[in-house]
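Residue numbers run from 1 in the order of the sequence given. Every heavy atom of this structure was used, including side-chain atoms; hydrogens, water molecules and symmetry mates were not. Quick caveat, the model's predicted, so the values are computed rather than measured.
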Amino acid sequence: MKVILSTLNAKYIHTSLAIRCLKAYSEKDFDIELAEYTIKDPVMNIVSDLFQRGADVIGFSCYIWNIEETIKVIDVLKKIMPKVKIILGGPEVSYDTDHWMKRLPNVDFIVVGEGEETFHQLLQEIEGTQKYHFVYGLAYRKGEEVIQMPGRPKADLNELPSPYRFAEDIPELGKRVVYFETSRGCPFSCQFCLSSIEVGVRYYDIERTKSDILYLIDNGANLIKFVDRTFNIKRDYALEMFKFLIENHRGCVFQFEITADIMRPEVLDYLAENAPPGVFRFEIGVQSTNDPTNELVKRRQNFAKLSRTVTKVKQSGKIDQHLDLIAGLPLEDYNTFRKTFNDVFALGPEELQLGFLKMLRGTGLRIDADKYNYTYMDVAPYEMLSNDVLSFADIVRLKRLEDVLEKYWNSHRMDHTVNYLIEREFASAFDFFQEFGDYWEGQGWQKIGHQLEDLFTRLQSFLESRGTKRMDMVLGLMKLDYFLNHKYKPRKIWWEHALEKDDWSSYMKMALQHPDALLSPVVADSVADQPQPYREIIPTFASLKLGEKELQKHAVLDVLPFRLDHMLSGGSPLTAEGRTLLLVIYQQNEQQKPLYYTMPIGKEIAAI
């Protein structure tokens, strides 16, 4: 009996941990093959591939992002392979299972909840006596009737074989994301989250976990994402794992979901002192800072402690932080969400993810949807459309904000410019992104694509349309950001006036004659009177020992009509009067990052 375990990932670089867990548990007794696709793959391509593999049993791992596309695949498969047994599993079908069995007549079985033991026993019965009423954690058909068996006790994790050591995975390890679990379960009870349904947290043996991670690193893994719902729930376990990863990372990057308000000071101190820059990433679910909302959805959160953790991690300069918000939670109207957004944005996360509430099957919030007058999509991802305090019109506006937030903040294409605008020109971060998002849609730009320079010209158009003050300063910062967005010397610019050729030559000669007068980015980016986080060591301009020929090939020059060093050190426009020579050099390091240098220039330069 040939078995295929399949899923439709959101992207090619993703991998499915679930189907690997199932294969690891059952491959000793059955011929099991993995087949991963993406939700963007044409249905006929997926069906054709599965057909040619010739399976007797095909299992699909189902989530909100792939269920509808998976259904299309199943319906075609059953037409061309009517005898194949179709099994579904995963969080999307583990709740309201009777609904799925009735909606999907082409599905023979659904494995409910944790699947290793249930799936294995089901395969035994399919191949053997077909007495499915012996299989706990299973939904199956008996004629026209749907039978749902009682749930199965949770497995002892240390009795489950490792899903990380398949030889066929090794060639792709360095190209794809490896999902890794050190525990299952969640200690919290957030009513919008499926993890709240499973009570308690179970851990794998830590030495086994370390061994699996070393195996992955030894075989070329570049990015490992831990799927533990709260990686730092046990201080000693988290600290030991952090130490182990720091000692053995060899360039591999690790991403964790952490609960920031319970992070212990000694763990933070250890990370600040010992974490290699860029090796760890933290994902922190804030969701809301509105206390009545958090209380109602049973989300225990101390925002003051969370803020201290995020701030300390940021000050270390070593760990990128991804903070999550959810729009549409109960009692969170447009104005209170504005405060939530601004509260979290003020923490300066490298990425701020604005999501919209999903009314997931099985969650307390979906069960109580009528209490708060929720309307939501009937099919996955079940995104909320409105509730009693947040209208659909509000949702539409927040979608516009989300769009420009992704383009202009999370992409880090204009950090200097956006920070200046939020601090100097707009009432708050929320107001900047919302006003710009409204303008963006008003221009019809959401219907067309964009290149890098389009992002700059569209921001300029928006700012000029509202009469933004000090556009000369804004445009200077935009030039800096534009130059820093290239790996190679840019071939074109989006602004109207470039330096004349003679001026360019004069400034270049000045830089070559006075190399020690050019400030490095470390100096230019530093904040006065603030403890400095880790920064990449930038070579001085003089140490590069570049001649005029190399600069002609690899450098750009411009003159900004203000003192850039004053602006980047937190000064006001009033204290930044003057001019700055900006020199950006490309292809001088292995990371292909541009290096920029600045020199304040005065009236005497005009004579050069």
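More than 12 heavy atoms of other residues, nucleotides or ligands lie within 6.0 Å of CZ in R235, so this atom counts as buried by the packing criterion. Atom NZ of K210 is surrounded by more than 12 heavy atoms from other residues, nucleotides or ligands within 6.0 Å. For E295, the CD atom counts as loosely surrounded, since its 6.0 Å shell holds 12 or fewer non-hydrogen atoms of other residues, nucleotides or ligands.
Inspection of the E332 and S288 side chains reveals an N or O donor paired with an N or O acceptor under 3.5 Å. Side-chain atoms of T417 and D481 include a donor-acceptor pair closer than 3.5 Å. Side chains of H322 and D324: a donor-acceptor N/O pair is present below 3.5 angstrom, by distance only. In this structure, a donor-acceptor pair under 3.5 Å is absent between the side chains of S411 and E406. Using a 3.5 Å distance cut-off with no hydrogens or angles, the side chains of Y179 and Q255 do not pair a donor with an acceptor.
The shortest side-chain heavy-atom distance between P600 and D565 falls under the 4.5 Å cut-off. By the 4.5 Å heavy-atom criterion applied to side chains, D261 and R308 are not counted as neighbours.
For the pair S61 (side chain) and I19 (backbone), a donor-acceptor distance under 3.5 Å is absent. In terms of modelled atom types and a separation under 3.5 Å, the side chain of S428 and the main chain of D431 share a donor-acceptor contact. Judged by distance alone, with hydrogens and angles left aside, the side-chain atoms of D169 form no donor-acceptor pair with the main-chain N or O of Y164 at under 3.5 Å. Checking side-chain atoms of K225 against main-chain N and O of F256 turns up no donor-acceptor pair under 3.5 Å. Remark: side-chain polar atoms of N485 are paired, donor with acceptor, to backbone N or O of R413 under 3.5 angstrom. Side-chain atoms of K358 come within 3.5 Å of backbone N or O of F356 as a donor-acceptor pair. Within the 3.5 Å criterion, the main-chain N or O of A272 finds no donor-acceptor partner in the side chain of S316. Proximity of a side-chain donor or acceptor of T230 to a complementary backbone N or O of N232 within less than 3.5 Å is not detected. When atom types are taken as modelled, the side chain of T540 and the backbone of S543 share a donor-acceptor pair closer than 3.5 angstrom. Side chain of E350 to backbone of Q321: a donor-acceptor contact under 3.5 angstrom is found.
Below 30°, between 30° and 60°, or above 60°: for F242 and F282 the angle between ring planes is between 30° and 60°, a tilted geometry.
Between Y482 and H486, the ring centre distance stays below 6.0 Å. The ring of F345 has its center closer than 6.0 angstrom to the ring center of W409. Checked against the 6.0 Å centroid criterion, the rings of Y408 and F436 qualify as a close aromatic pair. Between W494 and F483, the distance separating the two ring centers is not shorter than 6.0 angstrom.
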Report the C-alpha separation of R424 and V474 in whole Å, then their side-chain angles, then the decisive distance to 0.1 Å, and conclude whether the side chain to side chain contact (heavy atoms under 4.5 Å, CB included) test is met. CA-CA 10 Å; R424 301 289 178 181; V474 175; over 6 Å; no

Go through the steps to decide whether K298 and F188 satisfy the test side chain to side chain contact (heavy atoms under 4.5 Å, CB included), and finish with yes or no. CA-CA 8 Å; K298 300 182 181 179; F188 302 112; over 6 Å; no

Before you tell me yes or no, could you show the steps for L455 and M414 under side chain to side chain contact (heavy atoms under 4.5 Å, CB included), namely the whole-Å CA-CA distance, both residues' side-chain angles and the distance that decides it to 0.1 Å? CA-CA 9 Å; L455 295 176; M414 294 191 208; 3.9 Å; yes

Check the pair D403, K407 against salt bridge (Lys or Arg N to Asp or Glu O under 4.0 Å), reporting the backbone distance first and the verdict last. CA-CA 6 Å; D403 186 32; K407 289 181 172 71; 2.4 Å; yes

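Annotation: cation-pi geometry not satisfied between R400 and W440 (NZ/CZ under 6.0 angstrom from ring centroid, within 45° of ring axis).
In summary, of the residues considered (Q592, K553, H554), a side-chain hydrogen bond (donor to acceptor under 3.5 Å, both in side chains) with Q587 occurs for H554 alone.
To the nearest 0.5 Å, atom CG of residue L582 and atom NZ of residue K479 are 9.5 Å apart. One distance of note links OG1 of T289 with CG of L306; it measures 10.0 Å at 0.5 Å rounding.
Under the salt bridge (Lys or Arg N to Asp or Glu O under 4.0 Å) criterion, D472 pairs with R470, not counting sequence neighbours.
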